J.: 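Just dropping this structure here.
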Amino acid sequence: MEIRPLRPTEIPRFVELSYYAFNGRSPDNRSTDFERRLDLEHQVLVLADGSEIISQVAIYTFDYWFNGVPFPAGGLANVATVPERARQGHANQLLRATIAWMREQLGVSISTLYPTIYPLYHQLGWEVAEEAYRLVGVPNAFRPSQLLPADPGGRVVRRVAEITDVERLEPIYRAFAEPRSGYLVRPRWYWEDMVLRHSLATQPRHLALWYGSNGQLGGYALYSTEQLPERRIQIYELLALRPEGYHALLTFFAAHHLYKELELTGGRDVAWLAMIADPHQLTITQRVRGHFLLRIVDFPQAISRRPARLLNPCAEITLAVSDSVAPWNDGVWKISQNSGCWTCEPVSKSEPDAEVDIGAASALFAGALSVRQAIDLGRLSAKVTALPTLEALFATTYPPHSNDHF
Ligand SMILES: CC(C)(COP(=O)(O)OP(=O)(O)OC[C@H]1O[C@@H](n2cnc3c(N)ncnc32)[C@H](O)[C@@H]1OP(=O)(O)O)[C@@H](O)C(=O)NCCC(=O)NCCS
């Protein structure tokens, strides 16, 4: 058995296993993806028994926004083991090696994924990093609140989304995503394949563009309509840079009275319920399967990329991190602020100011757990004097959310 990069001649076998495991995109599409999306030598690993592929993983190298800073990430996809060799620890072994590979070969600070099997990843340190929910109701239930500012001179333009819309939408998306946490810095191929022309969708995606009275594009919604078995609208992404944009787009969707149902997936980073006239008319379900998971790959890098708010200088602390899967993270770290950044250096200290496991540190990093919640869970312990520094270190402006899935 060996773990190594996929060889070019093995692409058909990788594609066959991905298609067998996940169905979805055709084998031809999957083969084309390799050239567009992945550098074979660095971004596709297999656990092989001689010439036979037993387990496989693809690693997309992306950046993700966290609180105004892009963090280099390894996004895992196509994780699969041949069913005839399942439950023998092969995926676990490959994922362990992948964590080391992402640090040594790709230099990323974090890893992200959208799991089918939560325990597989959770036992290796990935943690839930969002709280997404679905708002479902008749279109009229999405009427905006009267308290939401409106721009009577604005207009909504509706049409089928085109690939060339990347240039139009990307600046709006970026301005929206940058101060938030968990949003992907979408490369062009991602916009084309996954956002504008979703590879699994049978219908084209529709686009509603909101222009304010100043003539500037200030928000948009990407959605699809289904006619059978019942008429429904699914909104994949609705975002605006000003409240007037939300007012206009919600009014637009509320007008679809011949549709039986409208579904909007959103995160807690947007105050959806406060924007709607009567949220009691909606059914709200929490999405749990396939939600966004995050793991810190390189602890000192993940910490030292975080911006420090200099108006609020904090005391230096020592933090012990336990990480049995990634031993380079395991140890005691001196954390302090320097010239607008956090610094993180290894120290040998027998009695640290705080202790945390890597999973909890990952959830804290994302903003999915607060310092107090991590303490309540028994996964962070801290001297009272270390709390202000920990709170400042892990502060995020918005709760984390990911609008993407791969
Ligand atoms: C999920 C999959 C990759 C697991 O591969 P594997 O080599 O069998 O996994 P491992 O033997 O390393 O399992 C490690 C741990 O993950 C968890 N796990 C693995 N498969 C599981 C399953 N089907 N149900 C629940 N837990 C599972 C268990 O905790 C397991 O430890 P255990 O066997 O000691 O209980 C494989 O079943 C597969 O290819 N499935 C189809 C594609 C897929 O869902 N991929 C994951 C995409 S995110």
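Numbering of ligands and ligand atoms starts at 1, following listing order. Bear in mind the structure is a predicted one, so any value in this text is a computation, not a measurement.
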J.: If you measure every N/O of Q93 against every N/O of ligand 1, is any gap under 3.5 Å?
T.: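 Between Q93 and ligand 1 (N or O atoms, distance only) the closest approach is not under 3.5 Å.
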J.: Should R85 be counted as touching ligand 1, given the test is an N or O pair under 3.5 Å?
T.: no
J.: How about W210 and Y246: are their ring centroids closer than 6.0 Å?
T.: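 For W210 and Y246, the ring centres are not under 6.0 Å apart.
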J.: Can a salt bridge be assigned to the pair R305 and D298 using a cut-off of 4.0 Å between side-chain N and carboxylate O?
T.: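 No salt bridge links R305 with D298.
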J.: Please indicate whether any nitrogen or oxygen in R87 is less than 3.5 Å from any nitrogen or oxygen in ligand 1.
T.: yes
J.: Quick check, are the ring centers of Y398 and Y183 under 6.0 angstrom apart?
T.: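 That pair fails the under 6.0 Å test.
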J.: Within 4.0 Å of atom 34 (O) of ligand 1 (strictly less), any protein heavy atom?
T.: no
J.: Is there a polar contact, in the sense of an N or O pair closer than 3.5 Å, between T116 and ligand 1?
T.: yes
J.: Answer with yes or no whether the side chains of Y190 and D404 bring together a donor and an acceptor at under 3.5 Å.
T.: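 Distance-only check passes for D404 and Y190.
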J.: Evaluate the 4.0 Å heavy atom contact test for atom 37 (O) of ligand 1: does a protein atom fall under the cut-off?
T.: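 No, there is no protein heavy atom closer to it than 4.0 Å.
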J.: Does the N or O separation between Y121 and ligand 1 drop below 3.5 Å for any pair?
T.: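 Checking ligand 1 against Y121, no N or O pair falls under 3.5 Å apart.
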J.: Please name the residue in the list W126, F71, F299 that meets the ring pair (Phe, Tyr, Trp, His ring centres under 6.0 Å) test with F365.
T.: F71
J.: Could R372 and E391 be called an ion pair, given the rule that one side-chain N must be under 4.0 Å from one carboxylate O?
T.: yes
J.: Verify whether one side chain among S322 and D357 offers a donor that lies under 3.5 Å from an acceptor in the other.
T.: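 The answer is no; no qualifying pair exists.
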J.: With a 4.0 Å cut-off, strictly under, does atom 18 (N) of ligand 1 pick up any protein heavy atom?
T.: yes
J.: Looking only at distances, can you tell me whether any N or O atom of P115, backbone or side chain, sits closer than 3.5 Å to an N or O atom of ligand 1?
T.: no
